[in-house]
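This report refers to the structure that appears directly beneath it.
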Amino acid sequence: QVQLVESGGGLVQAGGSLRLSCAASGRTFSSYAMGWFRQAPGKEREFVAVISWSGDSTYYVDSVKGRFTISRDNAKNTVYLQMKSLKPEDTAVYYCAASARFAVVGYKYDNWGQGTQVTVSS
């Protein structure tokens with residue numbers, strides 16, 4: 001088990017940037033693949049990005065490719081989501097999650113944070 005706490009959300013204008021952080025507790029953080037998901041009001045939760053336990057592999061949903069970057073620092077037990085060129089449609093609650101597998105579907109993730117709100121104004 002790993003406990004996750006997101007931070008870094010906020011209100012930003014379209015075209016702006018934000019960096020989300022997800023701090024993990026527990027000594028097994030480096031053994032998990034870490035993902036970011038988001039959920040907009042009235043919509044289903046959506047996969048955003050995933051990074052392997054080593055950081056060597058990443059994968060993104062098409063809508064954020066070239067704008068978002070996922071990274072991790074295993075020494076700090078933290079995963080990041082750098083978001084640039086933000087659009088109003090990026091507005092959502094963003095969640096980080098941990099999985100034993102490099103996965104793009106939520107049901108393969110066992111541990112979730114509480115979420116952080118990102119609002120992009122037009």
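Only a predicted model underlies this, so the values are computations on that prediction, with no experimental measurement involved.
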Going by the rule side chain to side chain contact (heavy atoms under 4.5 Å, CB included), which residues pair with [X] if we only count those two or more places apart in sequence or in a different chain?
X: A100; value: none
X: S122; value: P88
X: S85; value: R67
X: E46; value: R38, V61, S63

**Prompt:** When rounded to the nearest 0.5 angstrom, what is the spacing between NZ in K84 and CG in D90?
**Reply:**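 The NZ atom of K84 sits 14.5 Å away from the CG atom of D90.
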**Request:** To the nearest 0.5 angstrom, please state how far the OG atom of S71 sits from the CE atom of M34.
**Result:**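 S71 OG to M34 CE: 11.5 Å, rounded to 0.5 Å.
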How close do [X] and [Y] get, counting heavy atoms only, and between which atoms?
X: F29; Y: D73; result: CE2-O, 4.1 Å
X: L4; Y: A98; result: CD1-N, 3.8 Å
X: T78; Y: A23; result: OG1-CA, 4.2 Å
X: K43; Y: Q39; result: O-NE2, 3.1 Å

Ignoring hydrogens and angles, write down the donor-acceptor pairs under 3.5 Å from the side chains of residues 6-15, residues two or more places apart or on other chains.
| unit_1 | atom_1 | unit_2 | atom_2 | d |
| --- | --- | --- | --- | --- |
| E6 | OE1 | Q114 | N | 3.0 |
| E6 | OE1 | Q114 | NE2 | 3.4 |
| E6 | OE1 | G115 | N | 2.8 |
| E6 | OE2 | C96 | N | 2.9 |
| E6 | OE2 | G115 | N | 3.3 |

**Pairs involving residues 59-95, ordered by first then second residue, that meet ring-ring contact (aromatic ring centres under 6.0 Å, His included) (sequence neighbours left out)** =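 Output for this query is empty, none listed.
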Residue pairs, two or more places apart or on separate chains, that pass disulfide bond (SG atoms under 2.5 Å apart) and touch [range]:
range: residues 35-79; answer: none
range: residues 53-88; answer: none
range: residues 28-58; answer: none

**Item:** Test item: S52 side-chain N/O and D56 main-chain N/O as donor-acceptor pair under 3.5 Å
**Value:**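 Between the backbone of D56 and the side chain of S52 there is a qualifying donor-acceptor contact (under 3.5 Å).
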**Results of side-chain hydrogen bond (donor to acceptor under 3.5 Å, both in side chains) for T28 - residues two or more places apart only** =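 Checked T28 against side-chain hydrogen bond (donor to acceptor under 3.5 Å, both in side chains); zero matches.
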**Message:** Does R72 qualify as a cation-pi partner of W53, given the criterion of NZ or CZ under 6.0 Å from the six-membered ring centre and within 45 degrees of its axis?
**Reply:**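 The answer is no, since R72 fails at least one limit relative to W53.
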With a 4.5 Å cut-off on side-chain heavy atoms, are [Y] and [X] touching?
X: V120; Y: E89; result: no
X: L20; Y: V118; result: yes
X: S57; Y: F102; result: yes

**Message:** Testing I51, V48, L18 one by one against L81 for a side-chain contact (heavy atoms from CB on, under 4.5 Å), which residue passes?
**Reply:**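 Looking at I51, V48, L18, the match for L81 under the side-chain contact (heavy atoms from CB on, under 4.5 Å) is V48.
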**Item:** Residue pairs, two or more places apart or on separate chains, that pass side chain to side chain donor-acceptor pair (under 3.5 Å) and touch residues 101-111
**Value:**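 Listed by first then second residue: nothing to list.
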**Message:** S17 vs Q82, test: side-chain contact (heavy atoms from CB on, under 4.5 Å). Steps then yes/no.
**Reply:** CA-CA 8 Å; S17 299; Q82 178 69 54; 4.1 Å; yes
**Message:** Applying a strict under-4.5 Å side-chain criterion to I, L, V, M, F, W and Y, I'd like to know whether V5 and W112 cluster together.
**Reply:**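 No, it is not one cluster - the side chains of V5 and W112 are not joined through contacts under 4.5 Å.
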**Under the salt bridge (charged side-chain N to carboxylate O under 4.0 Å, His left out) test, residues paired with D62 that sit two or more places apart** =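 With neighbours one apart ignored, the set is K65.
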